[in-house]
Amino acid sequence: MKTLKLVTWNVNGIRASYDKGLNQFVQEYSPDILCIQETKAHKDQVEPHKQSLGYEHNYWSSAERKGYSGVATFLKKKPKKVLTGIDNPDYEKEGRIVWTQHEEFDLYNIYFPNGGSGEERHNFKQKFLKELTDHLKFEMKKGKQIIVVGDYNVAYLEFDVHDPKRLSKESGFLPEEREWFNGFLKAGFTDVFRQLHPDKKEMYSWWSYRELARSRNKGWRIDHICVTEGLLKHIKSCDILMQQVGSDHCPVIAEFEF
DNA sequence: ATGGCGGCTGAGAGCCGA
């Protein structure tokens, strides 16, 4: 039996996050796999010693536009294969996905689009959601076990946001987005945190920088670790590290045993 | 309703985040 510690964290700019908490976090938790979203940098824009975060293997997908989006996956053990997109090249242009393939599962590290800045981005996000589910269904048909982690930019349960009534008109908690999440679960995924902690309330992973939202815990739970059925028996724990500083999001951690 | 905060770009104020 070996333990696998997996972390997902939207750091909102890896260069700014490094000295605000990211580096110390890696020292303290030493995850086997660390999935970062919103690097807001190309790999070569980051100082060499900070580039790897101490990981021998790290894979980046960055946006064409500088300072925007971007994901990176850091691993102690080399994956069998690495990809940076699904069928639609638009998502690679925005650095949305690092897809690593491992012995026991395929891992998708994803920064889901934000749909809150107008109709075009709203539609882009809904398209992304649909196409991702289609892609994952196709992969599952091959018999694969899959982990999807990242900043989903979607909360789906009433108590996953601090004010469900007001926020039901805002991107990230729209009825159609919550419906998408339920369909995603129905397709065969389990939200690991909620599976282990069905009644835990006021657990959030993102707070606005404004209006002292974090200290008042006016947050959203939008960062998730979801797995296919065959992986459920391997889960040992899952927690939202709400006290962790260094970003407007906090990390979510899960431990598996294989 | 608006703007509020912060990272980033490119050298200003503006874009974007959810």
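Convention: sequence-line order gives letters A, B, ...; per-chain numbering from 1.
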Can you tell me if the side-chain N/O atoms of [X] get under 4.0 Å from OP1 or OP2 in [N]?
{"X": "A:His122", "N": "B:dA18", "result": "no"}
{"X": "A:Gln45", "N": "B:dC8", "result": "no"}
{"X": "A:Lys66", "N": "B:dC8", "result": "no"}

For the base of B:dG7, is there a side-chain donor-acceptor partner from A:Glu38 under 3.5 Å away? no
With distance as the sole criterion, do the side chain of A:Arg121 and the base of B:dG17 form a donor-acceptor contact below 3.5 Å? no
Between [options], which nucleotide has the shortest distance from any of its atoms to the side chain of [X]?
{"X": "A:Tyr209", "options": "B:dG10, B:dG6, B:dA18", "value": "B:dG6"}
{"X": "A:Arg15", "options": "B:dC5, B:dT9, B:dA18", "value": "B:dT9"}
{"X": "A:Asn12", "options": "B:dT9, B:dA18, B:dG7", "value": "B:dG7"}

When you check the side-chain N and O atoms of [X] and [Y], is any donor under 3.5 Å from an acceptor?
{"X": "A:Trp206", "Y": "A:Asn10", "value": "no"}
{"X": "A:Asp160", "Y": "A:Trp220", "value": "no"}
{"X": "A:Asp248", "Y": "A:Trp207", "value": "no"}
{"X": "A:Tyr18", "Y": "A:Asn23", "value": "yes"}
{"X": "A:Glu177", "Y": "A:Tyr156", "value": "no"}

[atom1] gap between [N] and [M], integer Å:
{"N": "B:dG12", "M": "B:dC8", "atom1": "C1'", "answer": "14 Å"}
{"N": "B:dT2", "M": "B:dC15", "atom1": "P", "answer": "16 Å"}
{"N": "B:dG3", "M": "B:dC16", "atom1": "C1'", "answer": "15 Å"}
{"N": "B:dA1", "M": "B:dA13", "atom1": "P", "answer": "29 Å"}
{"N": "B:dG14", "M": "B:dG10", "atom1": "C1'", "answer": "11 Å"}

With a non-hydrogen cut-off below 4.0 angstrom, is [X] in contact with a base, only sugar-phosphate, or nothing?
{"X": "A:Gly172", "value": "nothing"}
{"X": "A:Leu167", "value": "nothing"}
{"X": "A:Tyr204", "value": "nothing"}

Could you state the [atom1]-[atom2] distance from [X] to [N], rounded to the nearest angstrom?
{"X": "A:Lys20", "N": "B:dG7", "atom1": "NZ", "atom2": "C1'", "answer": "8 Å"}
{"X": "A:Trp220", "N": "B:dG17", "atom1": "CH2", "atom2": "P", "answer": "13 Å"}
{"X": "A:His249", "N": "B:dG6", "atom1": "NE2", "atom2": "C1'", "answer": "12 Å"}
{"X": "A:Asn10", "N": "B:dG7", "atom1": "CG", "atom2": "P", "answer": "13 Å"}
{"X": "A:Leu212", "N": "B:dG4", "atom1": "CG", "atom2": "C1'", "answer": "10 Å"}
{"X": "A:Asp248", "N": "B:dC5", "atom1": "CG", "atom2": "P", "answer": "14 Å"}
{"X": "A:Tyr18", "N": "B:dG7", "atom1": "OH", "atom2": "P", "answer": "17 Å"}
{"X": "A:Arg96", "N": "B:dG17", "atom1": "CZ", "atom2": "C1'", "answer": "10 Å"}

Does the ring of A:Tyr111 carry A:Arg96 above it, NZ/CZ under 6.0 angstrom from centre and within 45° of its axis? yes
For A:Phe124, is the NZ or CZ atom of A:Arg121 found under 6.0 angstrom from the centre of its six-membered ring and inside 45 degrees of the ring axis? yes
Just say parallel, tilted or perpendicular for the rings of A:Phe258 and A:Phe256, cut-offs at 30° and 60°. parallel
Between A:Ser171 and A:Ser208, the residue closer to the 5' end of DNA chain B by nearest nucleotide is A:Ser208
Hey, what are the protein-to-nucleotides 11-16 of chain B N/O distances that come in under 3.5 Å?
from: B:dC16; atom 1: OP1; to: A:Arg65; atom 2: NH1; distance (Å): 3.3

How long is the gap from OG1 on A:Thr3 to CD on A:Glu257, to the nearest 0.5 Å? 4.5 Å
